[in-house]
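Shown next, in structure tokens, is the structure this report addresses.
Predicted, not measured: the structure shown is a model, and the values here were computed from it.
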Amino acid sequence: MNQSQKIQVEQIWNTQAEQLQQMALRLVRDPESAEEIVQQVFLSACQKSDQLLACANPSSWLCRTLYCKVLIVFCKRRREKGHITLEAIEQEAAYWMDDLIDLHTLYDGVVPYEDLELLRRAYVENEPFRTIADDMGISLGAAKIRASRTKHRLKQEIRKHF
């Protein structure tokens with residue numbers, strides 16, 4: 001990272017650090033873990049400064065990175081308790097997504113708004129795909145394909161932050 005990038009990352013970080021700290025604390029409910037997560041996000045921002053600075057919305061990039069780090073913490077906690085299941089992670093994720101993290105804030109610019117809404121309605125609100133497809137004016141098959149492609153794009157985006 002060159003000097004110019006250091007300055008840019010520092011400026012972005014200074015405007016976002018407090019918000020990230022508060023978000024992490026709300027999610028993990030432990031000040032020490034929240035601080036560690038925020039430090040990991042800062043480290044990722046420095047290590048991947050090219051991605052951060054190329055992003056149209058650096059705040060969104062930092063929030064996505066924070067979210068990924070929080071997921072890691074929750075998975076580790078589940079593993080330590082000896083009962084990590086996909087269902088448990090999905091239940092926990094539904095809680096975070098519903099109350100604390102706005103999908104549109106996290107993935108702004110990554111996938112179209114309509115596709116995020118489709119996922120939110122299908123997987124957070126548990127609406128039937130048929131209802132969503134009818135509301136969107138598309139076929140049931142098209143709705144399912146869009147959901148699948150959107151999940152794939154989001155997975156790719158999340159992998160960038162690991």
Is the side chain of [X] donor-acceptor paired with the backbone N or O of [Y] at a distance under 3.5 Å, no angle test?
X	Y	result
Ser49	Ala45	no
Gln5	Asn2	yes
Thr65	Trp61	yes
Thr131	Glu127	no

Distance from [X] atom [atom1] to [Y] atom [atom2], nearest 0.5 Å?
X	Y	atom1	atom2	result
Lys48	Leu53	NZ	CG	14.0 Å
Tyr113	Leu118	OH	CG	12.0 Å
Gln3	Lys6	CD	NZ	5.5 Å
Tyr67	Ile37	OH	CD1	12.5 Å
Leu140	Arg130	CG	CZ	4.5 Å
Ile12	Leu52	CD1	CG	4.5 Å

Query raised in the report: Given Arg64 and Cys55, is the side-chain contact (heavy atoms from CB on, under 4.5 Å) satisfied, shown in steps?
Result: CA-CA 12 Å; Arg64 284 192 306 272; Cys55 183; 4.2 Å; yes
Requested in this report: Give a yes-or-no answer on whether the side chains of Thr150 and Arg146 include a donor-acceptor pair shorter than 3.5 Å.
Outcome: no
Query raised in the report: Have Ser33 and Asp30 got a donor and an acceptor in their side chains that come within less than 3.5 Å?
Result: yes
Query raised in the report: Do any pairs count as a ring-ring contact (aromatic ring centres under 6.0 Å, His included) and have a residue in residues 131-150, sequence neighbours left out, and if so which ones?
Result: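 Output for this query is empty, none listed.
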Are side-chain heavy atoms of [X] and [Y] found at a separation under 4.5 Å?
X	Y	answer
Met23	Cys63	yes
Arg153	Pro112	yes
Ile132	Glu117	no

Report task. Go through the steps for Arg121 and Asp135 under the test salt bridge (charged side-chain N to carboxylate O under 4.0 Å, His left out), then give the verdict. Result -> CA-CA 11 Å; Arg121 290 176 64 186; Asp135 289 350; 2.5 Å; yes
Check [X] against [Y] and note the closest heavy-atom contact, atom names and distance.
X	Y	answer
Ala143	Ala133	CB-CB, 3.8 Å
Val38	Ala24	CG2-CB, 3.9 Å
Leu119	Leu154	CD1-CD1, 3.5 Å
Gln40	Lys69	OE1-CD, 3.6 Å

Query raised in the report: If Ile, Leu, Val, Met, Phe, Trp and Tyr residues are connected whenever their side-chain heavy atoms lie under 4.5 Å apart, and connections chain through other members, are Val41 and Leu25 in the same group?
Result: no
Query - Intermediate values then yes/no, side-chain contact (heavy atoms from CB on, under 4.5 Å), Gln19 and Leu62 - result: CA-CA 10 Å; Gln19 177 187 0; Leu62 291 169; over 6 Å; no
Requested in this report: Report the C-alpha separation of Leu20 and Trp13 in whole Å, then their side-chain angles, then the decisive distance to 0.1 Å, and conclude whether the side-chain contact (heavy atoms from CB on, under 4.5 Å) test is met.
Outcome: CA-CA 9 Å; Leu20 293 169; Trp13 187 257; 3.6 Å; yes
